[in-house]
Amino acid sequence: MTQFAEWLQCVACERRFDILEVRYRCQCGGLLAVEREAGWGGLLSPAHFDSRLTSRRAIDRSGVWRFREAVLSCDESEIVTHPEGSTRLYESARLAEYAGIDSIRFKHEGENPTGSFKDRGMTVATTQAVRTGARAVACASTGNTSASLAAYASRAGLRAIVFVPAGKIAMGKLAQTLAYGATVLAVRGDFDDAMRLVDEASTKLGIYLLNSINPFRIEGQKTIGWEILQDLDWRAPDWIVLPAGNLGNTSAIGKAMIEALEGGWIDRLPRIASVQANGANPFYRGFSGGFRERFRMQAETVASAIRIGDPVSWDKARAVIDRTRGVVTEVTDEAILEAKAMIDGAGIGCEPASACSLAGARRLRADGVSGRDESVVASLTGNLLKDPESVLERVRRDGGAQMGEIDANVDEVAR
């Protein structure tokens, strides 16, 4: 396997650190990113990655490690994989009409092993945890990260500890986390309280932190972008629309597109659109004010996966929005649930936070930001069964003939 020199680099002051040093921030407080020697992208090609699509090896079937030279330089024996990725790209004329555009495709990351996009980042970050000799890993989570961490820690033989906001995690996600063997600590507070606590605990207790502040999470998640390009025969769409909570995906997929352009894999950058719920919209508020101020808030939205008021990856995501001529928009909970019902009704299905991408694409078109003839890829970040309560609540609320109890005779069926 071709390997490139890699290091950790501060996104603020550009100070460099050894790739095996366990740290998540620079001394100046800036976030870290994985960087490589100049020109590395030009030494690889889309054809190189495409050649692995027919391989039967687990490492090649992974939609992350198929791109391994550009993800993490390590021995293949160290890699902790499920495998993950290789998710489908769906088209729907019905959903395109709903969004008011000619073409919209959906990259369904809910088809990953634990049911969300988190598996892509977790395979790389867990691999790095093993490389550094970690014995335990931890995260704060609204649900999807905890389930993914628990699964990958189990595969790697590491102890898993997850911090969740008490009473604010969907039961499907909590059940996964417990089933995979993690220790769950329910914090009396919101996600941001849990994030502050796990950050402090990881530093003081020597636990390896696996939230998206970990730069290796971003390296895994950026392969969503490359797989979208691969699905489209390496032709960039006009827009990539993403649900936005902690801003890891905005950072990661933006990084993927910039690296693809610099490597000559694509000839133009797609515009990145980050979509927040209006009850959890600090990044939207920042964007609306020209990013002159960083906002923090008490977040509340039906979309629990993005119920985050103090996004960790703010600085990285802001740089992506600037570089890609991107935008940040907001949608209401009502718009999210309406879009979710449309996606579910199209036979695709997703958890509520995922539906931000369709609701956001519709909002961008209605506001005249995007054109009807522009191509859009929207990310669906989690499986429908991550939050079945939202579906059952809709059925209970709307009533009608979708669900009813009957006696055991055919006349009741006919009625």
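Bear in mind the structure is a predicted one, so any value in this text is a computation, not a measurement.
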(message) Walk me through whether D192 and R296 qualify under salt bridge (Lys or Arg N to Asp or Glu O under 4.0 Å).
(response) CA-CA 10 Å; D192 300 303; R296 296 171 176 83; over 6 Å; no
(request) Would you please test R25 and D199 for salt bridge (Lys or Arg N to Asp or Glu O under 4.0 Å) and show each step? (result) CA-CA 11 Å; R25 296 181 182 88; D199 198 355; 2.8 Å; yes
(request) Could you go through the salt bridge (Lys or Arg N to Asp or Glu O under 4.0 Å) check for R68 and D60 one step at a time? (result) CA-CA 9 Å; R68 51 191 173 272; D60 292 333; 2.9 Å; yes
(request) Output, in order, the C-alpha distance, side-chain angles, deciding distance and verdict of side-chain contact (heavy atoms from CB on, under 4.5 Å) for N281 and M297. (result) CA-CA 8 Å; N281 66 351; M297 64 184 294; 3.3 Å; yes
(request) Might you work through the side-chain hydrogen bond (donor to acceptor under 3.5 Å, both in side chains) test for N214 and Q128, ending with a clear yes or no? (result) CA-CA 10 Å; N214 185 311; Q128 183 67 5; over 6 Å; no
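Look at R268 and D238 and you find a salt bridge, because one of the NZ, NE, NH1 or NH2 atoms lies within 4.0 Å of a carboxylate O, short of that distance. Between E21 and R16 there is no salt bridge, since no side-chain nitrogen of the basic residue lies less than 4.0 Å from a carboxylate oxygen of the acidic one. A salt bridge is absent between R318 and D315: the closest approach of a Lys/Arg side-chain nitrogen to an acidic carboxylate oxygen does not fall below 4.0 angstrom.
Here L380 contributes atom CG and I348 contributes atom CD1; the two are 7.0 Å apart, rounded to the nearest 0.5 Å. Taking NE2 of H108 as the reference point, atom CG of N383 lies at 6.0 Å (rounded to 0.5 Å). Here CD of Q298 is found 11.0 Å from CG of D310. Values are rounded to the nearest 0.5 Å. Considering CG of L337 and CE of M342, their distance stands at 14.0 Å, rounded to 0.5 Å. With values rounded to the nearest 0.5 angstrom, S379 atom OG is found 10.0 Å from Q221 atom CD. R120 CZ to S148 OG: the interatomic distance, rounded to the nearest 0.5 Å, is 11.5 Å.
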Could you list the donor-acceptor pairs under 3.5 angstrom formed between side-chain atoms of residues 27-37 and any protein atom two or more places apart in sequence or on another chain?
| unit_1 | atom_1 | unit_2 | atom_2 | d |
| --- | --- | --- | --- | --- |
| Q27 | OE1 | R15 | NH1 | 3.2 |
| R36 | NE | E6 | OE2 | 3.1 |
| R36 | NH1 | E219 | OE1 | 3.1 |
| R36 | NH2 | E6 | OE2 | 3.3 |
| R36 | NH2 | A70 | O | 3.3 |
| R36 | NH2 | V71 | O | 2.7 |
| R36 | NH2 | E219 | OE1 | 3.0 |
| E37 | OE1 | A5 | N | 2.8 |

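With E227 as reference, R66 is the one residue of K222, R66, R88 to meet the salt bridge (charged side-chain N to carboxylate O under 4.0 Å, His left out) rule.
In this structure, F291 and F283 have tilted ring planes: the angle between them lies in the 30° to 60° band. Ring geometry for Y24 against Y208 counts as perpendicular: the plane angle is over 60°, on a 0 to 90° scale with 30° as the lower cut.
Under 3.5 Å, the side chains of N112 and E84 contain no donor-acceptor pair of N or O atoms.
Residue E97 qualifies as open at atom CD: its count of foreign heavy atoms under 6.0 Å is 12 or below. The environment of CD in E14 is sparse: at most 12 heavy-atom neighbours from other residues, nucleotides or ligands sit within 6.0 Å.
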